Amino acid sequence: MSGYYSMCFPFLYAWRAGTPYVIYGHSFGPLHDELRRKLIGFVLRHALLVLPREPLSLKFAVNELGVDENHVRLVPDSVFGWIEPDCTSESVKQELAAQIGGSPYFCVTIRAGMSEEDAHLTSLAGAIRDTLQQNEAMRCVIVTHCHPFDGYPGFEDDRQISKKLVDAVDCGSRVVLVSRALSPSQLIAIYRSADFVVGMRLHSVILSIVAGTPVLAISYWGNKTYGIMQMAGLEHLVFDFRNLDRQELVRAMRRLADNPANERATVCMVRDRLHREANETPNFIREAWLAT
């Protein structure tokens, strides 16, 4: 609960001081604890404007937390407002090419499960192994997407679970672990050159779309992953980590790999649309402020 209070405190302080504030680009729900529902509901109801980043959170804010629908606007995640040029991070691409010998590859990101004890790891490892066996030229690059920050109590660390996934796949040099911390530009460079991405980390999914690369998303909690893929029109490419089916995942990976041009064209259209919409978001804030 202390983490929620720390997150909400600046907004509570602004409300008490009579200073307008905007909640921008968040996902909400589910909230099973009544105290959390009251706290976050209070903060959202007193905001000048609430800008959820996907439609499921918009519905949750209005229907479950009582936010006035006239103070809510749906906007893309802020990362969609940024399109990285192709020419950046050449050193990272060259470094990776040296590791995989210039072979085609797909990327995977994973995070530790919550209460399910990482049951998804076995299915994901099996799907990777099956895909590699079907295509002898292919390589898998497992990216450690999140690293801890010193002094930040809510850190998340993907290093251990990523190493466990490499060991579980057990395909020797055909699986490469990228374990060091990378900038968003460097991550985009890796995802852009991949045939496709299987992402459990939400922002690996978003950065893959920004890169124009087809992506399968593994939803692990709440509305955010499914909601964002729904907003992108790609909800048919979402899997739930609690019942991740190995064979279904393999078939989905194969479909992306077999139709690269069509899949990339679809993702690029989605990326361009969300980019335009993300760049319109400041206008909503300006209009809400002028209306006061």
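The structure displayed is predicted, hence computed values, not measured ones.
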For [X] and [Y], which heavy atoms make the closest approach, and how far apart are they?
{"X": "Ala194", "Y": "Val197", "value": "CB-CG2, 4.4 Å"}
{"X": "Pro55", "Y": "Gly227", "value": "CD-O, 3.5 Å"}
{"X": "Trp82", "Y": "Val210", "value": "O-CG1, 3.3 Å"}

Q. Which class fits the ring pair Tyr220 and Phe241: parallel under 30°, tilted 30 to 60°, perpendicular over 60°?
A.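 Judged by the thresholds at 30° and 60°, the geometry between Tyr220 and Phe241 is perpendicular.
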Q. Which word best sums up how the rings of Phe196 and Phe106 line up, parallel for under 30°, tilted for 30 to 60°, or perpendicular for over 60°?
A.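 Judged by the thresholds at 30° and 60°, the geometry between Phe196 and Phe106 is parallel.
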Q. Going from CD1 on Ile190 to OH on Tyr105, what distance comes out if it is rounded to the nearest 0.5 angstrom?
A.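 So the gap between those two atoms works out to 6.5 Å.
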Q) Rounded to the nearest 0.5 Å, what separation is found between the CG atom of Leu74 and the CG atom of Leu58? A)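 Taking CG in Leu74 and CG in Leu58, the distance rounds to 6.0 Å.
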Q) Counting only heavy atoms not in Glu69, do more than 12 sit closer than 6.0 Å to its CD atom? A)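 Check fails, neighbour count at 12 or below.
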Would you mind reporting whether [Y] and [X] have side-chain heavy atoms less than 4.5 Å apart?
{"X": "Met253", "Y": "Leu216", "result": "yes"}
{"X": "Val198", "Y": "Ile128", "result": "no"}
{"X": "Leu202", "Y": "Arg53", "result": "yes"}
{"X": "Val50", "Y": "His71", "result": "no"}
{"X": "Met138", "Y": "Ser103", "result": "no"}
{"X": "His120", "Y": "Ile110", "result": "yes"}
{"X": "Pro76", "Y": "Met231", "result": "yes"}
{"X": "Pro184", "Y": "His203", "result": "no"}

Do NZ/NE/NH1/NH2 and the carboxylate oxygens of [X] and [Y] come within less than 4.0 Å?
{"X": "Arg37", "Y": "Glu64", "value": "yes"}
{"X": "Arg276", "Y": "Asp272", "value": "no"}
{"X": "Arg201", "Y": "Glu156", "value": "yes"}

Q.
Let's go through Cys146 and Arg111 carefully: what are the C-alpha distance in whole Å and the side-chain angles of both, what is the deciding distance for side-chain contact (heavy atoms from CB on, under 4.5 Å) to 0.1 Å, and is it a yes or a no?
A. CA-CA 8 Å; Cys146 286; Arg111 62 158 288 160; over 6 Å; no
Q: Begin with the C-alpha distance, continue with both residues' side-chain angles, and end with the deciding distance and a verdict on side-chain contact (heavy atoms from CB on, under 4.5 Å) for Val43 and Leu12.
A: CA-CA 7 Å; Val43 168; Leu12 295 171; 3.8 Å; yes
Q) Hey, mind stepping through Tyr21 and His46 against side-chain contact (heavy atoms from CB on, under 4.5 Å) and telling me if it holds? A) CA-CA 8 Å; Tyr21 60 88; His46 288 82; 3.5 Å; yes
Q | Passing candidate, side-chain contact (heavy atoms from CB on, under 4.5 Å) with Arg271, options Thr266, Ile209, Ile206 | A |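 Single pass found, and it is Ile209.
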Q.
Let's go through His145 and Leu187 carefully: what are the C-alpha distance in whole Å and the side-chain angles of both, what is the deciding distance for side-chain contact (heavy atoms from CB on, under 4.5 Å) to 0.1 Å, and is it a yes or a no?
A. CA-CA 8 Å; His145 195 84; Leu187 290 168; 3.6 Å; yes
Q) How about Phe60 and Phe28: are their ring centroids closer than 6.0 Å? A)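 Ring centres of Phe28 and Phe60 not closer than 6.0 Å.
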Q.
Exactly one of Arg251, Arg254, Arg246 should register a salt bridge (charged side-chain N to carboxylate O under 4.0 Å, His left out) with Asp130. Which one does?
A.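 Testing Asp130 for a salt bridge (charged side-chain N to carboxylate O under 4.0 Å, His left out) against Arg251, Arg254, Arg246 leaves exactly one candidate, Arg246.
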